[in-house]
Amino acid sequence: RLEEKNGVTRFTGSYEMESKTKYTLYTRRWFVLAALAFLNLSNNALWISYSAVADKTGEYFHISADEVDLLGTISFIVGIPMCLGATYIVNSMGFRTGIYCGSVLTLLGGLVRGFSTLPGLNQKMDLKSQFYLSLVGQALTGLGNPFAVSLPTKVSQNWFGEKERGLATGVLAMSLPLGIVLGQGCSPVFVNKGEDIPLMNIVWFIPALLTQLMVFFVVTTSNPPSPPSLSSELGLLENRDSSLKEYLKTMKSMFKNKRFMVLFLVVGGAVGFFNVFSTQLSQFMCSRGYENTTSGITGSLLLGTGFIGAIASGLIVEKYGYIEEVSKLFYGIAGIFAIVVCEFMRCPDSEVWIQLFASLFGVFGFGMYPLGLELSVEVTYPVDESIGTALIFLSGQLQGGILVLVSSLLEQDLSLAEQQISVCSDSIQPKDHTRFLLTLSGLLTTLVVVFVLCFKTKFKRKMADTENVSKDLH
């Protein structure tokens with residue numbers, strides 16, 4: 001068992017090994033990475049698609065803006081308790097069981113959504129029944145999401161070598177927003193009126209089906225035949241008790257870990273900001289005269305540049321190190337650009353500026369996200385990697401859900417002049433979101449200050465990978 005004493009991480013037990021052990025990397029790791037990436041992609045494309053065309057969704061189902069919001073926020077509601085269940089299942093039953101749970105729930109969610117509005121079948125159901133059936137499909141997708149988002153660091157730790165982990169985590173972390181890019185950016189392209197909603201549900205069911213096939217054929221085991229690094233080997237050798245009592249003990253230790261709790265707050269806060277920004281972007285922008293295609297392009301630019309940022313930050317840390325310093329730099333710059341975006345979204349005729357600063361926010365915000373996940377593994381090692389990632393996601397869901405509620409409480413009616421420029425459909429009542437956008441700016445400022453000033457870490461996993469620790473094994 002790994003224990004820390006006088007600043008040195010030691011493995012206490014009967015295990016012996018050579019200090020110059022060579023570790024094998026298997027080609028299958030890239031296929032496993034692809035399977036998990038496709039799961040995140042398909043799950044999040046399903047989740048965001050209704051919100052991406054909020055006015056057309058309201059037009060098809062004949063529902064209010066709050067009911068449209070529910071199609072997006074139901075994932076937050078069911079995802080919060082499922083985060084705890086997902087961490088226990090993955091911790092006790094392994095990666096393979098976790099990814100199967102996520103892929104099957106995503107497939108079922110897409111299937112139920114498809115049936116709810118399936119041409120021919122939808123004529124036999126009233127619109128309220130179709131809406132509630134779609135809501136069930138969204139809930140199933142939301143139940144699968146915690147499995148998908150909790151697994152990136154587990155895959156990078158147990159399938160990839162020490163020098164590849166940052167890049168693997170970056171790719172997997174960005175598969176989530178890449179799915180949102182597709183759902184948010186592509187849905188407005190072929191959903192031009194309410195009657196196109198059934199087509200949208202069929203389109204986004206296809207990636208979920210392909211993902212399930214990929215998981216079935218690729219993920220045949222939780223771990224490779226041999227571990228890729230020393231820290232992975234020591235972690236796997238840990239006699240992790242899968243009982244509920246031990247799980248609760250582990251969870252208690254996580255919430256007593258001050259370094260992790262800072263990440264829980266600030267990285268989770270960034271996820272919560274992104275969640276509410278994504279689900280309500282269409283409503284924010286249509287009230288200021290921006291069409292759905294404009295909001296879709298804005299979201300796609302934010303996420304597309306984010307993919308570049310995530311890869312770039314991983315390569316920077318891989319070459320130069322200083323993961324803590326790079327994380328703080330990226331987080332601070334991202335906070336500044338996010339605040340600027342919030343300011344411009346209060347104004348009409350600012351399309352270029354909104355998209356420019358949203359793109360810059362994407363580079364630095366999503367550049368920091370995989371680094372935050374890696375830091376969570378460092379501060380909690382040798383606890384199962386999926387637990388820290390899932391708890392950060394839980395924090396994001398909690399904070400995102402609270403922000404959605406705050407948004408509805410702070411919105412105001414538009415003035416007569418402002419109503420003239422609104423392009424929201426008749427089913428969505430346009431609102432003035434100024435007070436909420438200012439609140440978001442204050443929240444982001446607080447999170448940046450807390451992260452920069454309060455986060456200091458010891459790299460427990462890195463110490464386990466060093467030669468000196470290897471020599472201390474006995």
Side-chain angles (χ1 to χ4, degrees), residues 31-53 57 71-76 78-79 82 86 89-90 95-119 121-122 130-152 155 171-191 196-220 275 278-279 299-300 303 393:
F31 295 98
V32 171
L33 181 145
L36 181 55
F38 268 85
L39 173 57
N40 271 298
L41 186 152
S42 60
N43 184 281
N44 286 282
L46 278 168
W47 164 62
I48 200 65
S49 56
Y50 278 132
S51 298
V53 288
T57 300
L71 286 168
T73 56
I74 188 66
S75 293
F76 301 158
V78 301
M82 181 52 79
I89 290 171
V90 173
F95 162 71
R96 184 169 181 263
T97 301
I99 194 172
Y100 264 86
C101 287
S103 62
V104 169
L105 285 167
T106 300
L107 180 68
L108 290 175
L111 187 64
V112 171
R113 274 184 38 157
F115 273 119
S116 71
T117 59
L118 189 67
L121 184 61
N122 60 0
Q130 292 182 49
F131 168 71
Y132 286 118
L133 196 56
S134 288
L135 193 64
V136 170
Q138 287 289 89
L140 288 169
T141 302
L143 289 172
N145 194 250
F147 290 98
V149 300
S150 67
L151 294 173
V155 169
V171 171
L172 290 172
M174 286 311 300
S175 62
L176 182 156
L178 183 58
I180 298 176
V181 166
L182 294 176
Q184 192 170 58
C186 296
S187 295
V189 174
F190 56 85
V191 179
D196 294 329
I197 291 295
L199 172 63
M200 182 187 76
N201 284 339
I202 294 173
V203 168
W204 295 124
F205 169 70
I206 295 173
L209 178 60
L210 294 176
T211 297
Q212 185 60 62
L213 293 173
M214 181 178 288
V215 169
F216 179 79
F217 287 108
V218 170
V219 185
T220 57
N275 284 343
S278 297
T279 56
S300 297
L303 296 161
F393 174 73

Problem - Verdict with supporting geometry, S175 and V171, side chain to side chain contact (heavy atoms under 4.5 Å, CB included) - result: CA-CA 6 Å; S175 62; V171 171; 6.0 Å; no

Practice task
Applying side chain to side chain donor-acceptor pair (under 3.5 Å), run through T117 and Q130 and close with a yes or a no.
Solution key: CA-CA 6 Å; T117 59; Q130 292 182 49; 5.6 Å; no

Exercise for the section: Step by step, work out the side chain to side chain contact (heavy atoms under 4.5 Å, CB included) result for V112 and L133. Expected result: CA-CA 7 Å; V112 171; L133 196 56; 3.9 Å; yes

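Of the possible donor and acceptor atoms, none in the side chain of N201 sits under 3.5 Å from a partner among the backbone N and O of F115. Here the side chain of N43 pairs no donor or acceptor atom with the backbone of L39 at under 3.5 angstrom. Distance alone, capped at 3.5 Å, places no donor-acceptor pair between the T106 side chain and the G144 backbone. Under the 3.5 Å distance criterion, the side-chain polar atoms of Q138 are left unmatched by any main-chain donor or acceptor of G72. Here the side chain of R96 pairs a donor or acceptor atom with the backbone of V219 at under 3.5 angstrom.
For the residue pair I197 and Y50, the shortest heavy atom distance occurs at CG2-CE2, 3.9 Å. When all heavy atoms are compared, the tightest approach of F205 to G110 is CD1-C, 3.6 Å. Across P146 and G79, no two heavy atoms sit closer than the pair CG-O, 3.7 Å. Here the closest heavy-atom approach between residue I74 and residue A139 is recorded as CG1-CB, 3.9 Å. Shown here for P188 and A52, the closest heavy-atom pair between the two residues is CG-O, 3.9 Å.
The shortest distance between side-chain heavy atoms of S49 and V53 does not fall below 4.5 Å. Looking at heavy atoms from C-beta onward, M214 lies out of side-chain contact with F31 at the 4.5 angstrom threshold. Within the 4.5 Å cutoff, no side-chain heavy atoms of S150 are placed close to those of F393. Counting heavy atoms from C-beta on, the side chains of L36 and P152 come closer than 4.5 Å. Here the side chains of L172 and L33 are in contact, with some heavy-atom distance below 4.5 Å. Side-chain contact between T211 and L107: absent, with no pair of heavy atoms (C-beta onward) separated by less than 4.5 Å. Contact check for I99 versus F147: no side-chain heavy atoms found under the 4.5 Å cut-off. Residues V215 and F38 have side chains not in contact (no heavy-atom distance under 4.5 Å, counting atoms from C-beta outward).
Of the inter-residue distances, the one linking L46 atom CG with L182 atom CG reads 11.0 Å to the nearest 0.5 angstrom. Interatomic distance, CZ of R113 versus CG of L108, reported as 13.5 Å (0.5 Å rounding). Atom-to-atom distance recorded for W47:CH2 and T141:OG1 is 11.5 Å, nearest 0.5 angstrom. Atom CD1 in I202 sits 5.5 Å away from atom CG in L118 (nearest 0.5 Å). Expressed to the nearest 0.5 Å, how far OG of S103 lies from CG of L209 amounts to 11.0 Å. Separation of atoms CZ (F190) and CG (D196) is listed at 8.5 Å; rounding is to 0.5 Å.
Crowding of Y132 atom OH: a count of heavy atoms from other residues, nucleotides or ligands under 6.0 Å not exceeding 12.
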